[in-house]
Amino acid sequence: MKKITTALTALTLAFSASMAMASECDPGEVVAKLSHVTGGTTHPKVVAANSLAERVNKEMNGKLCIEVFPSSTLFGDSKELEALLLGDVQILAPSLSKFGSYTRQYGVFDLPFMFKDMDAAIRFTNSDSGKDLLNAMNDVGFVGLGYWMSGMKYFSGNKALILPTDAEGMKFRVQASDVAKAMIAAMGGSPQPMAFSEVYGALQTGVVDGQENTWSNIYTKKFFEVQNSVTETSHQLLAYLFMTSNEFLDGLEPDVRKQFLQIADDVTQEANQNVKAKELANRENILKAGGTINVLTDEQRAAWVDAMKPVWKQFEKDIGAQLIKTAAGA
Ligand code: LMR
């Protein structure tokens with residue numbers, strides 16, 4: 001009996017939790033589900049997604065309502081793009097590294113040492129070429145609403161990675177990106193594509209020896225706890241395509257669509273202005289929590305650049321030489 005009561009209580013609690021979320025949207029409103037894979041409270045994507053929902057739910061009350069599902073609770077990496085096309089979710093913000101089966105052009109964002117810092121990446125995304133890339137998958141049914149920056153990426157390992165030769169023979173988790181795979185191979189490592197939600201467990205159990213990510217992901221997902229140290233390589237950008245589907249956008253009344261697109265744009269500008277501070281704060285949080293960060297000398301960093309540079313040539317045909325030149329000049 002006690003078992004049944006406990007089970008019923010759990011069921012009631014789960015039910016009220018889902019009702020609480022659902023009841024934030026009124027019955028007559030168009031509801032858009034926003035699903036993403038990151039967590040915590042200080043992560044740039046968490047902040048941007050929540051800020052979008054807050055503004056839409058306040059300013060468009062009665063017309064449109066956004067429900068946010070963080071930490072892969074609705075869809076993880078492998079299912080979310082399909083789910084968007086099926087109409088099971090309406091807004092996503094996946095990493096630009098995860099679109100390889102739809103467009104090769106986004107490989108430009110993954111090329112190692114392409115952007116000196118996030119400001120250079122923002123300049124590129126604000127250029128005509130960057131804006132055109134938002135429409136690269138319109139024929140598939142995807143609409144890019146903007147780019148949300150996340151930060152530069154750093155390698156962590158189960159041993160200190162000071163020179164690229166330290167990575168030889170190690171297994172690294174990578175996102176589903178051919179460029180990332182080639183980059184790890186260029187270091188003499190073995191790339192293991194894997195969903196973000198599985199990374200902590202894979203590091204903890206030794207399925208992989210290392211990974212590459214931003215300060216915010218390394219802190220909020222506690223990767224530093226199951227790694228020897230993180231090396232400040234800044235070797236790659238992590239940014240997201242804030243996106244929806246043609247079907248969802250075309251289904252909105254023209255005035256609702258206009259207001260939504262304006263808020264989407266405002267939130268994107270604001271989010272990108274705040275990313276650097278969030279990244280620095282999470283770098284500090286890692287140190288405060290006892291994590292170790294290896295800072296490279298100029299010579300050590302140059303060795304990483306040299307090891308990875310051949311990857312550019314490998315992808316020149318797929319991405320386009322002109323696009324690579326434009327991004328590199330940003
Ligand atoms: C990753 O898979 O490492 C990242 O793309 C996760 C994210 O969305 O920040």
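First listed ligand is number 1; within each ligand, the first listed atom is number 1.
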Please give the N or O to N or O pairs under 3.5 Å between ligand 1 and the protein, distances rounded to 0.1 Å.
residue  : atom  : partner : partner atom : Å
ligand 1 : 2 (O) : Lys98   : NZ           : 2.8
ligand 1 : 2 (O) : Arg173  : NH1          : 3.4
ligand 1 : 2 (O) : Arg173  : NH2          : 2.9
ligand 1 : 3 (O) : Arg173  : NH1          : 2.7
ligand 1 : 3 (O) : Asn213  : ND2          : 2.9
ligand 1 : 5 (O) : Lys98   : NZ           : 3.1
ligand 1 : 5 (O) : Gln175  : OE1          : 3.0
ligand 1 : 8 (O) : Lys45   : NZ           : 2.7
ligand 1 : 9 (O) : Asn217  : ND2          : 2.9
ligand 1 : 9 (O) : Tyr240  : OH           : 2.5

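For Lys63, the NZ atom counts as densely surrounded, since its 6.0 Å shell holds more than 12 non-hydrogen atoms of other residues, nucleotides or ligands. In this structure, Asp128 places its CG atom where only 12 or fewer heavy-atom neighbours from other residues, nucleotides or ligands lie under 6.0 Å away.
Separation of the Phe172 and Phe155 ring centroids falls under the 6.0 Å cut-off.
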* Take Arg301 and Phe113 through the side-chain contact (heavy atoms from CB on, under 4.5 Å) test and state the conclusion after the steps. => CA-CA 11 Å; Arg301 195 157 184 281; Phe113 298 102; 3.5 Å; yes
field: Derivation of the side-chain contact (heavy atoms from CB on, under 4.5 Å) call for Val311 and Val179
entry: CA-CA 7 Å; Val311 173; Val179 179; 4.0 Å; yes
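Under a 3.5 Å cut-off, the side chain of Asp26 and the backbone N or O of Gly62 do not form any donor-acceptor pair.
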